[in-house]
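Everything on this sheet refers to the single structure shown next.
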Protein chains: 2
Amino acid sequence: MRVIDLEGLEQQLKAHSYKLTRQRRAVLRVLATTDGRLDAARICEDARAECPEIGLTTVYRTLDILADIGALRRLHLPDGCHSYAPASPGHRHHLICVGCGRAVEFEGCDLTALVDSVASKTGFEVEGHWLQLMGRCPECQSKRK
Amino acid sequence: MRVIDLEGLEQQLKAHSYKLTRQRRAVLRVLATTDGRLDAARICEDARAECPEIGLTTVYRTLDILADIGALRRLHLPDGCHSYAPASPGHRHHLICVGCGRAVEFEGCDLTALVDSVASKTGFEVEGHWLQLMGRCPECQSKRK
DNA sequence: CCCCTAATTGAACATGGTTTTCATTTAGTA
DNA sequence: TACTAAATGAAAACCATGTTCAATTAGGGG
Ligand SMILES: [Mn+2]
Ligand SMILES: [Mn+2]
Ligand SMILES: [Zn+2]
Ligand SMILES: [Zn+2]
């Protein structure tokens, strides 16, 4: 299980002058110790291990804040729902395992050629992009045989 | 306004042995004559011009079918909602105007280098990808000044 | 260390998009 | 034209997410 920098996350919250509540700590810990994508309901459920009285409302509010300050990336699932994965700073995307939901970040998407070509063909000004790779993680590959 | 091949769409439905109902015809006509993305409610509203008794339920069912047979692409908006745009056969993606919602298709995404690099770094087997460009269409660019 | 207050919280309720149910209608075939 | 499986629509259910508001609490100032 990957463990990302829990203290770093807490510092980020403080740096943006958000209070460090038990509820937020619990959510942070869940995010810091997962190696998959999680949806809000699952995060809430897991967070209750540390903070039993936390409500879904607070989970959503915390996720919003974390996405705002860039500590979290919202992933878009084919069915339209969201899940969340911790995000390193900078421009990254996620590769998601269709078997188990594990999500890993990658960087180095170079779409400039594609973007330039599309822009000149369509007259659009391209402002951003949205990219996700779907695949199968090593564990899920071996399970298959 | 772009007009895509209405008869072709009807043939596709028949080829998959779906019945050609007045409701489905109405939805097809709406899709065939739009130049933007449309959400289900809007499609229903427009379809009532030709088939006043059509219900939202049927619109959703028809959209599902069309997405299944590849005649339609489901677009995912940043807020989590869906809209739909006609899809040419083959591997394409959409470029969406964040101003007015107009959507245009493009092809020729070449992600092989990126995919190979990510696959070898992570051990994942990459099975597919999901790409959308966001930008501003020519009309919306001039409106801005 | 304790106050104070603005920030935060959670239960209940509201919302909006989508799906399910089920009795009725209809397209396409024989 | 008669038949039947497929398709339909109104209503209700569902589910993720947002809003409200009275009660609680984190954390800076005294
Ligand atoms: Mn990128
Ligand atoms: Mn592609
Ligand atoms: Zn996996
Ligand atoms: Zn536009």
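Below, read A as the first sequence line, B as the second, and so on, with proteins coming before strands; counting in each chain starts at 1. Reckoned from all heavy atoms, side chains included, excluding hydrogens, waters and symmetry mates.
We find that CD1 of B/Ile65 is positioned 13 Å from P of C/dT19, with the value rounded to whole Å. Rounded to whole Å, the distance from CG on A/Leu56 to P on D/dT20 is 18 Å. The distance between atom CD of A/Glu53 and atom P of D/dA23, rounded to the nearest whole Å, is 18 Å. Rounded to an integer number of Å, the gap from B/Ile54 CD1 to D/dA7 P is 14 Å. Taking atom OH on A/Tyr84 and atom C1' on D/dA16, their separation rounds to 9 Å, with Å as the unit. Between B/Asp64 atom CG and C/dT20 atom P the separation is 9 Å, expressed in whole Å. When rounded to the nearest whole Å, the span between OH of A/Tyr60 and P of C/dA11 equals 15 Å. As a whole-Å value, the separation of B/Ile43 CD1 from C/dG17 C1' is 14 Å.
Ring orientation note: the planes of B/His82 and B/His76 are nearly perpendicular, at an angle over 60° on the 30°/60° scale. Ring geometry for A/Phe106 against A/His93 counts as tilted: the plane angle lies between 30° and 60°, on a 0 to 90° scale.
Screening B/Ile69, B/Val27, B/Leu28 against B/Leu9 for a side-chain contact (heavy atoms from CB on, under 4.5 Å) leaves a single residue, B/Leu28.
Residues from residues 11-25 of chain B with heavy atoms under 4.0 angstrom of DNA chain D, sorted by number: B/Tyr18, B/Lys19, B/Thr21, B/Gln23, B/Arg24.
The base of D/dG18 does not come close enough to the side chain of A/Arg61 for any donor and acceptor atom to sit less than 3.5 Å apart.
For A/His82, no side-chain nitrogen or oxygen approaches OP1 or OP2 of D/dA16 to under 4.0 Å. Phosphate proximity of D/dG9 to B/Thr57: absent, as no side-chain N or O sits under 4.0 Å from OP1 or OP2.
For the atom pair CG of B/Leu20 and CZ of B/Arg25, the computed distance is 4.0 Å after rounding to the nearest 0.5 Å.
Within 6.0 Å of CZ on B/Arg42 lie no more than 12 heavy atoms contributed by other residues, nucleotides or ligands.
By the 4.0 Å N-to-carboxylate-O rule, A/Arg136 lies close enough to B/Glu127 to be salt-bridged with it.
Side-chain atoms of B/Leu111 and A/Leu111, non-hydrogen and from C-beta on, do get closer than 4.5 Å to each other.
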